[in-house]
Protein chains: 2
Amino acid sequence: MATTETRRRADAERNIAAILDAALVLFTEEPQSSMVAIARAAGVGRVTLYSHFPSREVLLEAVLDRTIAEAGEVIKKAAPEEGSATEALRRLLRTSWHALNQHRKLFDLAQRELGPVRLRQRHREVVDHVEGLLTRGQEEGVIRTDLPTNWLVTTVYGLLHAAADEVNTGQLKAEEAADVLEATLLPALRS
Amino acid sequence: MATTETRRRADAERNIAAILDAALVLFTEEPQSSMVAIARAAGVGRVTLYSHFPSREVLLEAVLDRTIAEAGEVIKKAAPEEGSATEALRRLLRTSWHALNQHRKLFDLAQRELGPVRLRQRHREVVDHVEGLLTRGQEEGVIRTDLPTNWLVTTVYGLLHAAADEVNTGQLKAEEAADVLEATLLPALRS
DNA sequence: CTTAAGTCGAACATGAGTGTTCGAGTTAAG
DNA sequence: CTTAACTCGAACACTCATGTTCGACTTAAG
């Protein structure tokens with residue numbers, strides 16, 4: 001934390017955090033949100049926003065980095081290496097569906113606005129956890145092997161996205177999301 | 001067809017068709033496409049475009065109407081009322097996954113640009129076919145009843161969308177899409 | 001308390017998309 | 001062949017988002 005960087009004042013630090021928080025919400029809820037909207041939502045002047053993040057692109061990248069890091073943490077806490085693959089997948093869905101969905105939405109946005117190339121690698125960090133888990137399940141014989149692992153990962157993310165949308169539009173309660181997801185995904189994935 | 005309307009010249013008719021074709025492609029591939037881009041893709045001047053569709057909104061609505069109508073036709077041809085519900089669902093996926101996916105993408109776009117209210121009704125026309133099919137399957141005992149029908153419909157569309165994206169990015173061959181979809185959806189939906 | 005760091009509103013420059021108007025040129029239809 | 005329908009490029013007015021600059025004001029830190 002305490003690097004030899006130029007030291008920043010406490011209020012600057014606070015504003016940066018507020019901006020990243022607001023940007024995450026707006027980018028995932030309404031991808032085409034303007035810088036003005038983000039500044040307002042963060043309770044900050046437009047100039048301040050630009051002084052910390054010189055362009056929309058830089059801001060998007062910062063939000064992406066932070067979210068990927070957080071998603072990584074959340075996934076690690078779900079311990080995808082422990083217990084049977086099915087158990088681990090259940091744990092992952094229960095604790096991480098929200099984080100994984102944010103990751104997905106940001107990834108879609110970044111793919112459009114930054115181009116496909118620039119985030120492949122960072123994207124991998126998160127997706128690999130899911131893919132690794134599924135591969136382990138295939139080796140254990142509990143996950144189907146008649147379809148490419150790649151497609152199974154897509155299935156997980158696709159349904160995650162669908163469930164999160166339903167929660168957003170109020171057709172599904174947030175507490176039920178994990179149950180519904182589990183009940184749909186497990187039969188789709190098992191051998 | 002031959003109403004008492006002001007009769008249009010043949011080249012106008014041709015241009016309108018070209019515009020709708022181009023707009024469908026661009027709207028589904030790149031939702032934020034500009035009117036300029038659409039005009040160019042249709043091989044038509046900007047003024048001509050505006051003379052037929054006075055605003056982006058009107059154009060979007062026209063594309064939506066036409067696509068919903070076409071999707072309705074395609075679905076009807078798959079005869080969702082005939083045979084067992086499982087058989088019918090198989091037929092539907094095999095013949096209509098592409099049309100259903102176009103419908104979904106346009107619906108997402110319209111929801112953002114026209115607001116949620118204005119297309120609920122038209123949207124229903126297409127979704128009801130799928131929902132009706134699933135309800136019938138539930139009555140026949142082949143489709144699960146432990147989850148709301150609503151969610152099952154979402155599952156179908158969610159995976160449809162995921163598969164279509166994979167086809168777009170070249171990770172899945174178009175010929176395989178229906179097979180993969182069927183292999184994933186049937187276990188997820190059956191009781 | 002002093003000062004450097006940070007904030008903020010107002011104003012400006014730029015670029016891109018939308019929609020309109022004009023007028024000259026094409027083209028289909030009778 | 002005549003005419004009305006249609007096309008199309010150029011130019012314009014308008015809005016909206018992005019960034020930048022200026023100068024005055026506030027606030028944290030030593």
Side-chain angles (χ1 to χ4, degrees), chain A residues 1-23 25-64 109-110 112-115 118, chain B residues 1-23 25-64 109-110 112-115 118:
Chain A
M1 306 290 179
T3 49
T4 10
E5 296 289 322
T6 324
R7 57 173 104 116
R8 258 194 303 247
R9 246 171 53 179
D11 58 350
E13 210 86 51
R14 234 182 305 135
N15 279 336
I16 292 180
I19 290 171
L20 288 175
D21 287 345
V25 172
L26 290 201
F27 278 149
T28 51
E29 277 180 0
E30 197 81 56
Q32 74 270 40
S33 300
S34 69
M35 295 294 264
V36 207
I38 294 168
R40 253 187 328 175
V44 139
R46 222 162 62 87
V47 185
T48 306
L49 171 52
Y50 275 108
S51 86
H52 291 304
F53 303 97
S55 78
R56 185 194 175 77
E57 233 179 84
V58 172
L59 174 60
L60 178 52
E61 265 174 349
V63 173
L64 201 65
L109 175 57
R112 276 202 307 274
E113 300 210 356
L114 305 182
R118 296 173 46 181
Chain B
M1 308 289 177
T3 50
T4 11
E5 297 288 322
T6 325
R7 56 173 104 116
R8 262 193 300 245
R9 244 172 55 180
D11 58 351
E13 211 86 52
R14 235 181 305 132
N15 279 336
I16 292 180
I19 290 171
L20 288 175
D21 287 344
V25 173
L26 290 200
F27 278 150
T28 51
E29 275 180 2
E30 198 81 53
Q32 73 271 38
S33 299
S34 70
M35 296 293 267
V36 207
I38 294 167
R40 254 188 326 176
V44 140
R46 223 162 62 86
V47 186
T48 306
L49 171 51
Y50 275 106
S51 86
H52 291 303
F53 303 97
S55 77
R56 184 195 175 78
E57 234 178 82
V58 173
L59 174 59
L60 178 52
E61 264 172 349
V63 174
L64 201 64
L109 175 57
R112 275 203 307 275
E113 299 210 356
L114 305 181
R118 297 173 46 183

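Numbered from 1 within each chain, the chains take letters A, B, ... in sequence-line order.
Between A/Asn15 and C/dT7, a side-chain N or O to OP1/OP2 separation shorter than 4.0 Å is present. Remark: A/His52 is in phosphate contact with C/dT7, judged by side-chain N or O atoms under 4.0 Å from OP1 or OP2. Close to D/dT18, at under 4.0 Å from its OP1 or OP2, lies a side-chain N or O of A/Arg56. Between B/Arg14 and C/dA28 there is a side-chain N or O to OP1 or OP2 distance below 4.0 Å.
In this entry the distance linking CZ of B/Phe53 with P of D/dC6 reads 13 Å, nearest Å. Across the protein-nucleic acid pair, B/Ile16 atom CD1 and D/dT7 atom C1' stand 13 Å apart, rounded to whole Å. Computed from coordinates, the B/Arg46 CZ to C/dT21 C1' distance equals 12 Å when rounded to whole Å. We find that OH of A/Tyr50 is positioned 14 Å from C1' of C/dC12, with the value rounded to whole Å. Atom pair B/Arg8:CZ and D/dT7:C1' shows a separation of 15 Å (rounding to whole Å applied). When rounded to the nearest whole Å, the span between CD of A/Glu113 and C1' of D/dT18 equals 12 Å. As a whole-Å value, the separation of B/Leu60 CG from C/dG17 P is 17 Å.
Side-chain contact between B/Gln32 and A/Gln32 is absent, with no heavy-atom pair separated by less than 4.5 Å. Here the side chains of B/Leu59 and B/Ile19 are in contact, with some heavy-atom distance below 4.5 Å.
Residue B/Arg9 places its side chain closer to C/dA29 than to any other of D/dT7, C/dA29, D/dT27. For A/Asp11, the listed nucleotide lying nearest its side chain is C/dG6; candidates were C/dG6, D/dG19, C/dT18. Residue A/Ala10 places its side chain closer to D/dA28 than to any other of D/dG9, D/dA28, C/dA28. Of the candidate nucleotides C/dT7, C/dA10, D/dC6, C/dT7 has the atom nearest to the side chain of A/Ser51. Listed nucleotides D/dC22, C/dT7, D/dT7 differ in distance to B/Ala12; the shortest reach to its side chain belongs to D/dT7. With distances taken from any side-chain atom of B/Ser34 to the nucleotides C/dG17, D/dC8, D/dT18, the minimum falls on C/dG17.
Summarising the geometry, atom CG belonging to A/Leu49 is positioned 4.5 Å from atom CE belonging to A/Met35; distances are rounded to the nearest 0.5 Å. Put simply, OG on A/Ser34 and CG on A/Leu26 are 8.5 Å apart, with the number rounded to the nearest 0.5 Å. Rounded to the nearest 0.5 angstrom, A/Arg9 CZ and A/Arg14 CZ are separated by 9.5 Å.
If B/Glu57 and A/Glu13 are placed on DNA chain C by their nearest nucleotide, the residue sitting closer to the 5' end is A/Glu13.
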